[in-house]
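The next block holds one structure in the form of structure tokens; read it before the comments.
Hydrogens, waters and symmetry mates are skipped; everything else that's a heavy atom, side chains included, is used. So that the names make sense, note that chain A is the first sequence line, chain B the second, and so on, each numbered from 1. Please read these numbers as outputs of a predicted model, since none were measured by experiment.
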6 protein chains.
Amino acid sequence: MKKLTHTDENGKANMVDVSSKDKQIRSAHAFAEVLLPVKVFRAIKKNLVAKGDVLTVAKIAGIQAAKKTFELIPLCHNIFISKVDVFLSLNSKNRTVEIKASVLTTDVTGIEMEALTAVSVAALTVYDMCKAIDKGIIISGIKLLSKTGGKSGDYFFSEAKLLGKEIKKKNS
Amino acid sequence: MKKLTHTDENGKANMVDVSSKDKQIRSAHAFAEVLLPVKVFRAIKKNLVAKGDVLTVAKIAGIQAAKKTFELIPLCHNIFISKVDVFLSLNSKNRTVEIKASVLTTDVTGIEMEALTAVSVAALTVYDMCKAIDKGIIISGIKLLSKTGGKSGDYFFSEAKLLGKEIKKKNS
Amino acid sequence: MKKLTHTDENGKANMVDVSSKDKQIRSAHAFAEVLLPVKVFRAIKKNLVAKGDVLTVAKIAGIQAAKKTFELIPLCHNIFISKVDVFLSLNSKNRTVEIKASVLTTDVTGIEMEALTAVSVAALTVYDMCKAIDKGIIISGIKLLSKTGGKSGDYFFSEAKLLGKEIKKKNS
Amino acid sequence: MKKLTHTDENGKANMVDVSSKDKQIRSAHAFAEVLLPVKVFRAIKKNLVAKGDVLTVAKIAGIQAAKKTFELIPLCHNIFISKVDVFLSLNSKNRTVEIKASVLTTDVTGIEMEALTAVSVAALTVYDMCKAIDKGIIISGIKLLSKTGGKSGDYFFSEAKLLGKEIKKKNS
Amino acid sequence: MKKLTHTDENGKANMVDVSSKDKQIRSAHAFAEVLLPVKVFRAIKKNLVAKGDVLTVAKIAGIQAAKKTFELIPLCHNIFISKVDVFLSLNSKNRTVEIKASVLTTDVTGIEMEALTAVSVAALTVYDMCKAIDKGIIISGIKLLSKTGGKSGDYFFSEAKLLGKEIKKKNS
Amino acid sequence: MKKLTHTDENGKANMVDVSSKDKQIRSAHAFAEVLLPVKVFRAIKKNLVAKGDVLTVAKIAGIQAAKKTFELIPLCHNIFISKVDVFLSLNSKNRTVEIKASVLTTDVTGIEMEALTAVSVAALTVYDMCKAIDKGIIISGIKLLSKTGGKSGDYFFSEAKLLGKEIKKKNS
């Protein structure tokens, strides 16, 4: 059975030692979606049509949050970040804001958490800007889409792996 | 149509002026869940049985994140926080970590974002501690359960309001 | 002769004691301008015409910096900020970006430094975004336009007071 | 026409990707001046004669601000800083505090913003310490004096390039 | 038996709820001493004679650290600080730097931790500035000298209470 | 006579230039102890027996503080940290909490201050969690146990070197 790397043999908190890991290009891509009540969806759409700032503020918040990951997540390393991209777009069919973040590093350990933190804080910022209209907003589906580089190799999210779980949920 | 309070008449970013609002007790309660692959679920369960730190680290991260909300969310105010509670528990039926945060203030504006930030960062911390086992973890269902106090009155999340949306999604 | 309030009788650093000061509405308005080489001015203009983000990023940076003033300026108090507004506009005649910040508080001491920090960091952000085109950008004229509230009363910047100085400079 | 590197083809905020840039020694030197009303100038002079702290506090603030640049300027990278020097001196002829900052890095991208942030925050700190005497203080002339290293080569500020502009201003 | 207020009935981390506490003037005074090897003591003395910055840097660091207490100590509240004083002096008899901090608030809970954090970080800064000469420096005797205000009343440190313990130590 | 490296020839604050130093593995190990009144000692013991969080919170605080060292100590560099370990244990004989921190880096300068900051903030957190029971807690013996790597070579703390001092103190 695979063990938690962030706890020691006694189950106590443990920061991973990365002093012998190699520098290499590593990337991570994360996703989040913000489910919007109708009135909120319309307000954001109207703001975007008017070239307003509502999604830009969230984008900036996401970029800056990536750089704060090491402060927010206790056992994360303070790695160098080569680039952060955060994209937000309205999905009319699902009535959501879809958020994607891509983060690059040339440092010694992965940047999955930076990508996930970027989409999470961008999503929270969307919530903040819209909560006066309706508080029934839900942030959902925060996940790692993929990552490259590092000893553990590349990773791509597979919906299939989750399927069993979802079926189980519906039947419960 | 209700308008975005965090943008001005031109759609530009706008921090709300709270200089004429009253101090009163305000609370906010937020929720998040972390959907876990089987192996991750077992590892956390084993850590908890051994009285390990895995959920405690996330709890502390959540409490501290609440106090950093004003730094993370660009248009949030730096309000005084009277108390933050973050609770994490394993839900065996859904194979999730359920996270609840309760935040109190006696300040001039609401603390919904503090509660939502607390559960989000606690969830990200759970992700961080488990990602070496399996990266197919999903953070979901981040929402405001309720809030009390303030001019806009009390609020309780209603699944019913979202129902229409969910049905729509399944059929799409 | 008026004395420095931020140093004690021996000239040593001294934070002002505000424990007996009253809460009241206080405002501060500050200004900065960024002098732009022709190529930079044109690039910003083009970005604005295309409804791009270049001034919005600076605006967000300014708002967030106001909330960080107490961390940046060693002897500043961590006061509550009721509202921060940062406005950036292109002045074609002077080939500048003009930046104004308005900050409000209901706390026990003034917020001049918050307004000045907001315009300064917004100006630095404009610099950052344009420096790849030409580094001959100059940030200038950072000053307090006015402040209201507080025991020392209202204040309005007067060019006249500075005039003697400027004449002196030209002749030197 | 040279383009803004910090915005993408749609004018949207864009952090520069530095993952393929080389590590090398890079330096940046920045300048700011604080124009002082007579009474403020005398108070600082008196404090310095008494070996007081007034400029030392500003110096420390400048050094620390350089290390916070990545938090303040949204699209800046969190680079390693090898050294920060901040020098403040009284210029009796111009009745100013002159501030210079020199910053060194061995990292993959330039540190112009760190040098400019250092002088700006040092200048703001001088303002803070003196504002009780007279608020008619102006921070001016924040500019990059020079930078070395990096693909774009060395840079030295040239007054001549700005001259056209200044003449234009006087005549306006 | 008195119970830990920062843990709940299950021993889990618990931030104290201060939403029903009154605002009043509260003070806290803390102490730390830095025991110096001979060479370090002489170097600091020489720096002070030359009106150097060595203790001023530590003083500024202490003042700023007080304002960061809520970020450093997980269960601390982000209270408003009315004033922080940090004093450092050389004690030739004991070959120490003695550090005292006085902190004031008008907020709803005590500021003991702010005073203790101020002296601790000031002491660490002294260590940092001298460690190149000799690393055999020890920071010792960090304690609360007194506090006033609050429901629990005033407190003054008593050496007598500690005496039993010290005797016990010597005999062990 | 050895000179202070953190001040220049005039005694003014001076950050050390590390631009020509080599990357190598460097470690630092630090120690602190928290002397506890009887009632506090018993409360912590009871919490530990119940597998409570009291020492875990302090451990997390220590780990996070190590990553904040560059913000707290003005002349410290923002180096990369490969690993931080903080251990807390009850010493029944001395009625203390003993705290040890081990920090690793592969960066260009030492991490003594990170280790010392970790134990100091962990100790302050223990104080915070217990101060409601009895404020007569003392943090003591903060010192560098050892460090390896770097041009100055390895270092191990020697009680003997301090002995002269202690004898001197007892006789005074």
Side-chain angles (χ1 to χ4, degrees), chain C residues 1-7 10-13 35 37 39 42-43 47 50-54 57 60-61 65 68 71-76 93-95 112-113 116-117 120-121 124-125 127-133 135-144 147 155 157-158 161-162 165 169 172, chain D residues 1-7 10-13 35 37 39 42-43 47 50-54 57 60-61 65 68 71-76 93-95 112-113 116-117 120-121 124-125 127-133 135-144 147 155 157-158 161-162 165 169 172:
Chain C
M1 180 178 164
K2 248 179 163 174
K3 283 190 292 188
L4 294 169
T5 51
H6 286 50
T7 53
N10 301 313
K12 297 300 166 192
L35 319 182
K39 282 184 293 183
R42 281 188 196 144
N47 180 276
K51 302 284 183 191
D53 287 348
V54 71
V57 176
I60 305 302
K68 280 185 160 300
E71 284 190 65
L72 293 170
I73 316 288
L75 303 177
C76 269
K93 194 169 127 197
N94 294 337
R95 226 166 57 216
E112 294 91 332
M113 293 319 301
L116 289 159
T117 300
S120 302
V121 172
L124 288 167
T125 302
Y127 193 110
D128 178 49
M129 298 188 82
C130 301
K131 67 180 194 290
I133 297 181
K135 288 173 183 61
I137 301 164
I138 300 180
I139 299 168
S140 193
I142 300 176
K143 62 190 171 199
L144 189 70
K147 71 118 191 164
Y155 167 86
F157 184 81
S158 155
K161 285 181 64 178
L162 279 239
K165 173 162 180 54
K169 259 191 111 171
S172 70
Chain D
M1 181 177 163
K2 247 180 164 174
K3 283 189 293 186
L4 293 170
T5 51
H6 285 50
T7 53
N10 301 314
K12 297 298 164 193
L35 319 182
K39 281 184 294 184
R42 282 189 195 143
N47 180 276
K51 302 285 183 189
D53 286 348
V54 71
V57 176
I60 305 302
K68 279 183 159 301
E71 284 190 65
L72 293 169
I73 316 289
L75 304 177
C76 269
K93 195 169 128 198
N94 294 337
R95 225 167 55 217
E112 294 91 333
M113 293 318 302
L116 289 160
T117 302
S120 301
V121 173
L124 287 168
T125 303
Y127 193 111
D128 179 49
M129 298 188 81
C130 302
K131 70 181 192 291
I133 297 180
K135 287 173 185 62
I137 301 164
I138 300 180
I139 299 169
S140 193
I142 300 176
K143 62 190 171 198
L144 189 70
K147 71 117 193 166
Y155 167 85
F157 184 82
S158 154
K161 285 181 63 176
L162 279 239
K165 173 165 179 56
K169 258 190 110 171
S172 69

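Between chain D and the residues C:V57, C:V121, C:I133, the largest count of heavy-atom pairs under 4.5 Å involves C:I133. Of the listed residues (D:M113, D:E112, D:K131), the one with the most heavy-atom contacts under 4.5 Å to chain C is D:M113. Of all the listed residues (C:L116, C:I60, C:T5, C:L75), the one sharing the greatest number of non-hydrogen pairs under 4.5 Å with chain D is C:L116. Comparing C:A50, C:A65, C:P74 by heavy-atom pairs within less than 4.5 Å of chain D, the highest count is held by C:P74.
Proximity to chain C (any heavy atom under 4.5 Å) is shown, for D:T117, by both the backbone and the side chain. For D:N47, the part sitting under 4.5 Å from any heavy atom of chain C is the side chain, from C-beta outward, and nothing else. With a threshold of 4.5 angstrom between heavy atoms, C:M129 approaches chain D through its backbone and through its side chain. Residue contact with chain C, scored on non-hydrogen atoms closer than 4.5 Å, involves the side chain of D:S120 exclusively. When heavy atoms are compared at a cutoff of 4.5 Å, C:T125 approaches chain D by way of both its backbone and its side chain.
For C:K147, there are no salt bridge (charged side-chain N to carboxylate O under 4.0 Å, His left out) partners, not counting sequence neighbours. C:K68 is linked by a salt bridge (charged side-chain N to carboxylate O under 4.0 Å, His left out) to B:E71, C:E71, D:E71, counting only residues two or more places apart in sequence or in another chain.
Atoms OH and CG, from D:Y155 and D:L144 in turn, are 6.0 Å apart once rounded to the nearest 0.5 Å. A distance of 14.5 Å separates NZ of D:K135 from OG of C:S158, quoted to the nearest 0.5 Å. Considering CG of C:D53 and CG of D:N10, their distance stands at 9.5 Å, rounded to 0.5 Å.
The side-chain heavy atoms of C:V54 and D:H6, taken from C-beta on, include no pair separated by under 4.5 Å. Within the 4.5 Å cutoff, side-chain heavy atoms of D:I139 are placed close to those of D:L124.
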